[in-house]
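For reference, the structure is listed below as C-alpha cells.
Proteins come first, then strands; the chains are lettered A, B, ... in the order of their sequence lines, and each starts at number 1.
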2 protein chains.
Amino acid sequence: MTFKIETLRSFCAVARAGNLSDAARRLGRTQSAISMTLKQFEHTLGGALFETERKNRLTKLGEQVLLLAESQIAQFDKTVQAMETLASAPRGVLRIAAVPSVAAFAFPPVVRHLTTQHPGVKIELRDADTQQVFDALLQGWADIGITSAKRNLNGVTATALFREPFGLVLSETHALATRAGPITIHDVFAARFLRNGLCDQIDNPEVLDRLSDVDVNMRNTQSLLAMLLEGDWVTLLPCSAARLVGTGLTFRRISDLPAHRQVFLYQRTEPSSARIVGDAIDVIRALNWPGYD
Amino acid sequence: MTFKIETLRSFCAVARAGNLSDAARRLGRTQSAISMTLKQFEHTLGGALFETERKNRLTKLGEQVLLLAESQIAQFDKTVQAMETLASAPRGVLRIAAVPSVAAFAFPPVVRHLTTQHPGVKIELRDADTQQVFDALLQGWADIGITSAKRNLNGVTATALFREPFGLVLSETHALATRAGPITIHDVFAARFLRNGLCDQIDNPEVLDRLSDVDVNMRNTQSLLAMLLEGDWVTLLPCSAARLVGTGLTFRRISDLPAHRQVFLYQRTEPSSARIVGDAIDVIRALNWPGYD
DNA sequence: TGTCATGTTTCAGAAACTCTGAAATTGGGT
DNA sequence: ACCCAATTTCAGAGTTTCTGAAACATGACA
C-alpha cells in the first residue's frame with residue numbers, strides 16, 4: 001500500500017500535540033483510529049517514529065520524517081487550493097505573485113484594468129519573498145511573478161522590467177534629509193541605521209562590510225517604515241520602496257553608491273488562460289516604472 | 001471530502017493516455033473504477049476536466065489542473081522516497097546534492113572517508129542543476145548541497161567553499177592549446193565555440209553579448225566533453241570542470257576575462273544526523289579545492 | 001441514415017479499508 | 001509497588017472503493 005496524505009497529517013498532528021488524545025481531538029477522530037494509522041505508518045516505513053509509547057518524544061527518524069511531512073502537507077494544500085481557485089473561475093483566473101515593494105505599486109493599476117476590461121475574471125494577488133514567488137511559479141500556483149532576482153526556471157520566461165537605484169530612505173524631518181551637498185556611504189552608516197532584507201541585495205563590498213556590523217535588522221517592511229517615520233532612523237532601500245507610504249518619508253541618492261536593483265517579470269510559458277495573462281503583462285509593462293539611469 | 005493523491009494519479013494517467021481503458025490498464029484498475037474516481041474528482045472540483053466524453057481532450061481547466069497535479073505527484077513521490085531512505089538506514093543517512101562539475105570532484109573522497117569512518121551509514125549522492133539542488137535542500141531531500149549560486153534559504157546556512165576562474169577548455173591538440181602568448185576573449189569566439197549551461201554564469205558584458213550569437217548550445221556535460229575531445233571545438237568553463245575527464249583536455253586562462261565563479265556549501269541547520277553531516281562538511285572543506293586568486 | 005466497433009457510464013454487490021467504543025495493557029510518576 | 005492517565009487491541013459497524021455486467025454514447029463507415 002502507498003502512503004496517504006491523511007496518514008502524514010495524523011503523524012504531524014501527533015508529533016505537534018505530543019500525545020494521541022489531543023491530536024485525535026484536533027483531527028476529529030478517535031484515539032484508537034490515530035493509533036492504528038500511526039502504527040501502520042511506522043510499519044510500512046519500517047522504523048519507529050516515537051521514542052516512548054506516550055508519543056511525546058520523536059526518534060531521530062521521526063524528526064526527519066516530520067520535516068518532510070510538514071513540508072509535503074503544506075505543498076499539497078497549496079496545490080489543492082490552487083486547483084479550487086482555478087475551478088471556481090469559469091472566466092479564468094489570473095494569479096500574480098510579487099515581492100512586496102513592487103506589489104504595492106503594480107497591483108492597483110492591474111486590478112483596475114482587469115476588472116473593467118475583463119469583468120468576471122478572477123484575480124488572485126499575493127506578495128511574498130523572492131523564494132516564495134519562484135516556488136509559486138514553478139509549482140503552477142501563479143501565472144505571473146515579479147522579483148528582483150534573475151533565475152532560470154523551467155517553463156517560465158523572464159524579462160527585465162525596470163531598474164532603480166538604492167538610496168537613503170528617511171523621515172523628511174531628519175537632518176540628512178535637508179542637508180545640502182551629496183550624501184555618502186559614510187554618512188549613511190554614521191546615522192542610526194536600520195538593516196532590512198532588501199539592502200542585503202546591494203552588490204557593493206563596502207556596504208556589505210558595514211552591514212554586517214549593524215545591530216538592528218527588521219524583516220517587516222511595515223514596521224520598518226514606522227520606525228523611519230518615528231524619527232531619526234534611516235535605511236537603504238530601492239527608490240520605489242520609498243513610495244510605500246504616502247508622505248513623511250523622502251529618498252536621497254548616495255553619491256558613492258552606484259548600486260541598483262533590477263526587477264524581473266516572469267511568466268509561465270504554457271498557461272492556458274493566455275489572453276488575460278498577456279493583457280496583464282502589457283499593463284504591468286506600461287506602468288510608470290522608475291526611469292533612473 | 002478531501003482530495004487524495006491517488007485521485008490525482010488517476011487523472012494524470014487518463015490525461016496522458018487520452019482514454020480511460022489504457023489508463024485503467026496502467027493503473028491496474030478497471031475502467032469503471034477510474035471513471036467513477038474521475039467523475040467524483042470533477043464533482044468536488046466543480047468543473048469539467050475533459051471536453052469530450054471520450055477523455056481525449058482536456059478543458060482549459062483540465063490542462064491547468066494537470067500541470068498542478070503532475071508537479072504535486074512528483075513532489076509527493078520524492079518525499080516518500082526520502083522518507084523510505086531515512087527509514088532504511090538505522091545508522092543514519094547522509095544525502096548530498098551537488099552540481100555535476102563539483103560532484104565529480106567532491107563525491108569520491110567523501111565516500112571514501114565516510115565508508116571507512118562511519119561504516120553502516122548510508123550515503124546518497126546526486127548531481128543536479130542549481131535549482132534542483134536548492135529544491136532538495138528546501139524540501140528536506142538533502143542534508144548538504146553544493147552550487148555556484150548564493151541564495152538565502154530558510155533553515156539552511158550557506159558558506160563559501162571555493163572560487164575558481166573561468167577559462168578556455170579544449171583538446172590538447174587544438175591550435176590554441178599550445179599557442180604561445182595570452183589568449184583573449186576575441187580568440188575564444190574566433191574559434192569554433194560551444195555554448196554550455198555553466199558559461200551563462202559568466203558575469204561579463206562582452207562575453208554575454210557574444211554568447212547570444214553562438215549557435216551551438218550543449219546542455220549535457222558528457223557530450224560537451226566528447227565534442228571537445230573530438231577535435232577543434234572549444235568552450236568556456238570553470239577550471240575544475242576541466243578535470244572531469246582524465247586526459248586529452250586542457251585549461252587555459254583568458255587574459256582579459258577576470259570572471260570567476262564562487263561555489264557555496266549549504267547545510268540544513270536542524271538536521272538530526274548532525275555528527276555525520278558535520279563530519280562530511282569537514283571532509284569537503286578540507287579537499288584540495290582550486291586555489292586560484 | 002443505419003450499423004458497427006469502440007469506448008464510457010451506471011449499477012449492485014463484493015471487497016477493502018477505516019472508524020468506533022469498550023476492554024485490556026502499558027509506562028511513568030509518586 | 002501502586003495508581004492513573006494514556007495507548008493499544010479487537011471485533012464489529014460504517015465508508016469508501018473496486019469489480020463485472022449491462023446499458024449507453026460516439027464517431028466511422030458504408
Side-chain angles (χ1 to χ4, degrees), chain A residues 1-59 61-63 65-66 69 72-73 76 80 83, chain B residues 1-59 61-63 65-66 69 72-73 76 80 83:
Chain A
M1 182 201 318
T2 169
F3 292 159
K4 300 206 174 84
I5 288 282
E6 289 311 311
T7 305
L8 298 188
R9 265 190 233 281
S10 300
F11 168 62
C12 290
V14 175
R16 298 187 135 291
N19 68 72
L20 272 195
S21 339
D22 290 355
R25 213 166 301 127
R26 270 179 203 285
L27 296 166
R29 305 270 115 88
T30 344
Q31 280 182 311
S32 52
I34 309 302
S35 173
M36 290 165 116
T37 303
L38 264 193
K39 184 174 179 168
Q40 188 188 321
F41 186 35
E42 285 183 322
H43 181 257
T44 58
L45 212 47
L49 294 166
F50 294 91
E51 287 289 0
T52 77
E53 193 152 326
R54 296 261 171 128
K55 266 67 181 151
N56 49 8
R57 189 181 212 92
L58 289 166
T59 61
L61 174 62
E63 282 179 37
V65 170
L66 178 62
Q72 182 57 54
I73 289 171
F76 184 80
V80 168
M83 286 179 177
Chain B
M1 185 202 318
T2 170
F3 293 158
K4 301 208 173 84
I5 288 282
E6 290 310 310
T7 305
L8 299 187
R9 267 191 231 281
S10 300
F11 168 62
C12 290
V14 174
R16 300 187 133 289
N19 67 74
L20 272 196
S21 337
D22 291 354
R25 213 166 300 127
R26 272 178 204 282
L27 295 168
R29 304 271 116 86
T30 340
Q31 282 184 311
S32 53
I34 308 301
S35 172
M36 290 167 119
T37 303
L38 264 192
K39 184 172 180 170
Q40 187 187 323
F41 187 36
E42 284 183 322
H43 182 257
T44 59
L45 213 48
L49 294 165
F50 294 91
E51 288 288 1
T52 76
E53 193 154 327
R54 293 262 170 134
K55 266 62 180 157
N56 49 8
R57 189 180 212 92
L58 288 166
T59 61
L61 174 61
E63 283 180 36
V65 170
L66 178 61
Q72 182 57 53
I73 289 171
F76 184 81
V80 168
M83 286 179 177

Exercise for review: Before giving the answer on side chain to side chain contact (heavy atoms under 4.5 Å, CB included), spell out for A:Val80 and B:Thr2 the whole-Å C-alpha distance, their side-chain angles and the decisive distance to 0.1 Å.
Suggested key: CA-CA 9 Å; A:Val80 168; B:Thr2 170; 5.8 Å; no
Practice item. Please check if any side-chain donor atom of B:Gln31 sits under 3.5 Å from a side-chain acceptor atom of B:Ser21, or the reverse. Key: yes
Check your understanding: A:Glu51 has an atom CD; how far is it from atom P of C:dG28, in whole Å?
Key -> 11 Å
Exercise for review: Figure out the CG/P separation between A:Leu27 and C:dT20, and round it to whole Å.
Suggested key: 11 Å
Exercise for review: Would you give a per-nucleotide map of nucleotides 14-22 of chain D, 5' to 3', where B means the base has a protein non-hydrogen atom under 4.0 Å away, S means only the sugar-phosphate does, and - means neither?
Suggested key: --SSSBB--
Check your understanding: Taking A:Glu42 for the side chain and A:Leu49 for the main chain, is one N or O donor matched with an acceptor at less than 3.5 Å?
Key -> yes
Practice item. For A:Thr59 and A:Gly62, indicate whether the former's side chain and the latter's backbone hold a donor-acceptor pair under 3.5 Å. Key: yes
Check your understanding: Can you name the one residue among B:Leu58, B:Thr37, B:Ile73 that meets side-chain contact (heavy atoms from CB on, under 4.5 Å) with B:Phe11?
Key -> B:Leu58
Review point. For B:Leu27 and B:Ser10, which heavy atoms make the closest approach, and how far apart are they?
Key: CD1-CA, 3.8 Å
Check your understanding: Tell me: CZ of B:Arg57 to C1' of D:dT26, nearest whole Å?
Key -> 16 Å
Check your understanding: Just to confirm, is there a sub-4.0 Å distance from OP1 or OP2 of C:dT8 to any side-chain nitrogen or oxygen of B:Lys39?
Key -> no
Point to revise | Considering all heavy atoms, the nearest A:Phe76-B:Gln72 contact | key: CA-OE1, 3.6 Å
Check your understanding: In whole Å, what is the span from the CD atom of B:Glu42 to the C1' atom of C:dT8?
Key -> 12 Å
Review point. Could you go step by step and tell me if B:Phe41 and B:Leu8 meet the side chain to side chain contact (heavy atoms under 4.5 Å, CB included) rule?
Key: CA-CA 9 Å; B:Phe41 187 36; B:Leu8 299 187; 3.7 Å; yes
Practice item. Check DNA chain C against residues 10-26 of chain B and give the residues with a non-hydrogen atom under 4.0 Å, in numerical order. Key: B:Asn19, B:Leu20, B:Ser21
